[in-house]
Participant: 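Take a look at the following structure, please.
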Amino acid sequence: MSDCIFCKIVNKEIPSAVVYEDNEILAFKDIYPVAPVHILIIPKKHLASTNELEEEDALLTGKMIMVARDIARKEGIEESGYRILTNCGPDSRQEVMHLHFHLIGGKKLGGNIG
Ligand code: AMP
Ligand code: ZN
């Protein structure tokens, strides 16, 4: 999608701090981190949100979670703990309409997630 900021990050049209990349997944640091570790894991192909996932994307989304887990391990927060979350739609306050999983950790997180 030409006007999607995360597609532009995938295409290296705008810079990001990449922490992981393969042929179908990119992970980069969130520009406004809410915790010491705040990384976004995205599919390279444009999917607006979980609402657009098809059966064929099951392996891709599973890999995205495993990439998040591997980054958590590399960042040293595997044992202290972390959150993996994704927002979908207006009530969730999704801002960027390109599917992304937030990996958040490195501190004791707040109790409110809703
Ligand atoms: P969400 O509300 O789930 O759509 O979250 C979007 C996230 O993308 C926010 O945490 C933003 O800080 C982050 N973000 C927006 N633009 C950029 C960017 N250019 N580079 C890195 N993170 C970004
Ligand atoms: Zn996109």
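Read the numbers this way: they start at 1 and go in the same order the structure lists the ligands and their atoms. Predicted model only: the values in this text are computed from it and were never measured. Residues: numbered from 1 along the sequence shown.
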Participant: Quick one: nearest non-hydrogen protein atom to atom 21 (C) of ligand 1, plus distance?
Facilitator: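 Answer for atom 21 (C) of ligand 1: I31 N, 3.3 Å.
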
Participant: Donor-acceptor pair, Q94 side chain versus A48 backbone, under 3.5 Å?
Facilitator: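 Yes: the side chain of Q94 pairs with the backbone of A48.
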
Participant: When you compare ligand 1 with V96, is there at least one nitrogen or oxygen pair between them that comes in under 3.5 angstrom?
Facilitator: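 There is such a contact, yes.
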
Participant: Below the 2.8 Å mark, what number of protein N, O or S atoms do you get around the Zn ion (ligand 2)?
Facilitator: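 Of the protein's nitrogen, oxygen and sulfur atoms, 4 lie under 2.8 Å from the Zn ion (ligand 2).
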
Participant: Which one holds for D30 and ligand 1: side chain close, backbone close, both close, or neither close, with close meaning a heavy atom under 4.0 Å?
Facilitator: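 Both parts.
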
Participant: With heavy atoms only and a cut-off of under 4.0 Å, state how H102 meets ligand 1: side chain, backbone, both or neither.
Facilitator: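 Just the side chain.
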
Participant: To which protein heavy atom is atom 16 (N) of ligand 1 closest, and what is the distance rounded to 0.1 Å?
Facilitator: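 The closest heavy atom on the protein side is I5 CD1, 4.0 Å.
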
Participant: Give, for atom NE2 of H98 and atom SG of C4, the distance between the pair rounded to the nearest 0.5 Å.
Facilitator: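 It is 5.5 Å, given to the nearest 0.5 Å.
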
Participant: Taking distance alone, with no angle check, do Q94 and ligand 1 share an N/O pair under 3.5 Å?
Facilitator: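 Looking only at distances, the answer is no, because the N/O contact criterion of under 3.5 Å is not met.
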
Participant: Mind checking whether K29 has a heavy atom under 4.0 Å from ligand 1?
Facilitator: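 Within the 4.0 Å threshold, so yes.
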
Participant: May I ask you to test the H102-N87 pair for a side-chain heavy-atom distance under 4.5 Å?
Facilitator: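 A side-chain contact exists here, since the closest heavy-atom pair is under 4.5 Å.
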
Participant: For F6, which part has a heavy atom under 4.0 Å from ligand 1: side chain, backbone, both, or neither?
Facilitator: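 Side chain only; the backbone of F6 stays clear of ligand 1.
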
Participant: Got a sec, which pairs hit salt bridge (Lys or Arg N to Asp or Glu O under 4.0 Å) with one end in residues 77-88, sequence neighbours left out?
Facilitator: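 Found R73-E78.
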
Participant: Roughly how far, to the nearest 0.5 Å, is CD1 of I84 from CD1 of I39?
Facilitator: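 It comes to 11.0 Å.
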
Participant: Where's the contact between H100 and ligand 1, heavy-atom distance under 4.0 Å: side chain, backbone, both or neither?
Facilitator: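 Side chain only.
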
Participant: Among all the protein's non-hydrogen atoms, which is closest to atom 4 (O) of ligand 1, and how far away is it?
Facilitator: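 Going atom by atom, the protein heavy atom closest to atom 4 (O) of ligand 1 ends up being E95 N, 2.7 Å.
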
Participant: Under 3.5 Å, sequence neighbours excluded: what are the donor-acceptor pairs made by side chains of residues 54-61?
Facilitator:
unit_1, atom_1, unit_2, atom_2, d
D57, OD1, K45, NZ, 2.6
D57, OD2, E54, N, 2.9
T61, OG1, D57, O, 3.1
T61, OG1, A58, O, 3.1

Participant: Enumerate, atom names and distances included, each donor-acceptor pair closer than 3.5 Å involving a side-chain atom of residues 17-30, sequence neighbours excluded.
Facilitator:
unit_1, atom_1, unit_2, atom_2, d
Y20, OH, D22, OD2, 2.7
E21, OE1, K12, NZ, 3.1
E21, OE2, K12, NZ, 3.3
E21, OE2, K44, NZ, 2.8
D22, OD1, E24, N, 2.8
D22, OD1, I25, N, 2.7
E24, OE2, K63, NZ, 2.8
D30, OD1, Y32, N, 2.8
D30, OD2, H38, NE2, 3.3

Participant: Just which atoms of ligand 1 are under 4.0 Å from any heavy atom in N87?
Facilitator: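 Contacts of ligand 1 toward N87, numbered from 1: 1 (P), 2 (O), 3 (O).
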
Participant: Tell me, with the steps shown, if K107 and L109 meet side chain to side chain contact (heavy atoms under 4.5 Å, CB included).
Facilitator: CA-CA 6 Å; K107 71 171 188 180; L109 300 171; 4.0 Å; yes

Participant: Side chains of R69 and Y82: does their closest heavy-atom pair fall under 4.5 Å?
Facilitator: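 In contact.
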
Participant: Could you say whether the N/O atoms of L40 and ligand 1 ever approach to under 3.5 Å?
Facilitator: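 Not met; the criterion fails.
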
Participant: Counting each atom of ligand 1 from 1 as listed, which ones have a heavy atom of R93 under 4.0 Å away?
Facilitator: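 Result: 2 (O).
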
Participant: Going from OG on S16 to NZ on K8, what distance comes out if it is rounded to the nearest 0.5 angstrom?
Facilitator: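 So the gap between those two atoms works out to 14.0 Å.
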
Participant: Find out whether I9 and L40 are in side-chain contact, i.e. whether some heavy atom of one side chain is under 4.5 Å from a heavy atom of the other.
Facilitator: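 Answer no - side chains too far apart.
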
Participant: How long is the gap from CD1 on I71 to CD1 on I77, to the nearest 0.5 Å?
Facilitator: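 With rounding to 0.5 Å, CD1 (I71) is 9.5 Å from CD1 (I77).
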
